Amino acid sequence: MTGITRRSFLGRSSAGIAATATLPALTAGPQEKAAAQQSGPAPRTRIELTVNGESHALEVEDRWTLVEVLRDHLELTGTRVGCDRGECGACTVLLDGKNIYACSYLAVWADGKAVETVEGLARNGVLDPLQQAFIEHDAPQCGFCTSGQLMSAKALLNEGAEVTEQSVREALVGNICRCSNFLNYQAAVLAASRGA
Ligand code: FES
Ligand code: FES
């Protein structure tokens, strides 16, 4: 894994960097977040975004993260929350085609943008080739990290560049698998990229 670090992954995600660098509240722990919730109503903003091709107009509290809106308000619970502080990748979604940590991105920042979640991968009951490859390579174990792995892999394929073992490792380096099934995930992405 020469040259691959989580730091370099985060460096590619300018949105994630901006979120963690400019908004310390997003990296607050559960106690700080609970205290913030008790401090009273926050300003609200009306936003419009598309999620999996469907338009939504919502009024959100300015402090809500994108993953909160997806899971708690749009009931798209396929996007997981592991660390809730930009470390595990379980919350990965696509924003205008690029992968971001939805726990570290404010919902108001998604105004006017297109969000894709794992629920949008299958079309008309047919699994996305990545999903099919994940199954065939026995990639998901407990499955907690799987939707995040899928969306990071999708972002890689969206780039349209040649996919190599190295580029797959780089694409998935921000997605931690506590079941340590990294090699199966990587093999699955490589296979999907080759139509195997
Ligand atoms: S839940 Fe977002 S990075 Fe872990
Ligand atoms: S399959 Fe269990 S965390 Fe990845």
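Keep in mind it's a predicted model, so treat the numbers as computed, not measured.
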Asker: Between Arg169 and Glu165 (salt bridge meaning N to carboxylate O under 4.0 Å), is one present in this structure?
Answerer: yes
Asker: Mind listing the side-chain donor-acceptor pairs of residues 51-60 below 3.5 Å, one per line with the distance, residues two or more places apart or on another chain?
Answerer:
{"residue": "Asn52", "atom": "OD1", "partner": "Thr117", "partner atom": "N", "Å": "2.8"}
{"residue": "Asn52", "atom": "ND2", "partner": "Thr117", "partner atom": "OG1", "Å": "2.9"}
{"residue": "Glu59", "atom": "OE2", "partner": "Arg44", "partner atom": "NE", "Å": "2.9"}

Asker: Considering all heavy atoms of both residues, which atom of Val189 and which atom of Ala153 are nearest to each other, and what is their separation?
Answerer: CG2-CB, 3.6 Å
Asker: Write down the atom of Ser147, the atom of Gly78, and the distance for their closest heavy-atom approach.
Answerer: OG-O, 2.8 Å
Asker: Mind jotting down which residue pairs meet the salt bridge (charged side-chain N to carboxylate O under 4.0 Å, His left out) criterion with at least one end in residues 110-129? Sequence neighbours excluded, please.
Answerer: Asp128-Lys154
Asker: How far does CZ of Arg85 sit from SG of Cys91, to the nearest 0.5 angstrom?
Answerer: 13.0 Å
Asker: Does anything in residues 141-183 form a ring pair (Phe, Tyr, Trp, His ring centres under 6.0 Å)? List the pairs, not counting sequence neighbours.
Answerer: none
Asker: How would you list, by chain and number, every residue that makes a side chain to side chain contact (heavy atoms under 4.5 Å, CB included) with Thr146, sequence neighbours excluded?
Answerer: Phe134, Pro140, Leu150, Tyr185
Asker: Looking only at heavy atoms, what is the nearest atom pair of Leu95 and Ala110, with distance?
Answerer: CD1-CB, 4.2 Å
Asker: Kindly write out the residues that satisfy side chain to side chain donor-acceptor pair (under 3.5 Å) with Thr50, not counting sequence neighbours, or none if the list is empty.
Answerer: none
Asker: Got a sec, which pairs hit ring pair (Phe, Tyr, Trp, His ring centres under 6.0 Å) with one end in residues 153-180, sequence neighbours left out?
Answerer: none
Asker: Side chain to side chain contact (heavy atoms under 4.5 Å, CB included) with Thr45: which residues, sequence neighbours excluded?
Answerer: Ile47, Asp62, Val108
Asker: Taking side chain to side chain donor-acceptor pair (under 3.5 Å) as the definition, give me every residue that meets it alongside Gln132, ordered by chain and number, with sequence neighbours left out.
Answerer: Glu136
Asker: Shortest non-hydrogen contact from Gln131 to Ala122?
Answerer: OE1-N, 3.6 Å
Asker: Given Ser167 and Glu170, is the side chain to side chain donor-acceptor pair (under 3.5 Å) satisfied, shown in steps?
Answerer: CA-CA 5 Å; Ser167 69; Glu170 290 179 3; over 6 Å; no
Asker: Which ILVMFWY residues are connected to Val81, directly or by a chain of links, through side-chain heavy atoms under 4.5 Å apart?
Answerer: Val67
Asker: Kindly write out the residues that satisfy side chain to side chain contact (heavy atoms under 4.5 Å, CB included) with Ala155, not counting sequence neighbours, or none if the list is empty.
Answerer: Leu94, Asn99
Asker: Could you pull out the closest heavy-atom pair between Thr65 and Cys103, with the gap in Å?
Answerer: CG2-O, 3.4 Å
Asker: Taking all heavy atoms of Ile176 and all of Cys145, pick out the closest pair and write down the distance.
Answerer: O-CB, 3.5 Å
Asker: Given a cutoff of under 4.5 Å between side-chain heavy atoms of I, L, V, M, F, W and Y, with clusters grown through shared members, what are the other residues clustered with Leu127?
Answerer: Ile135
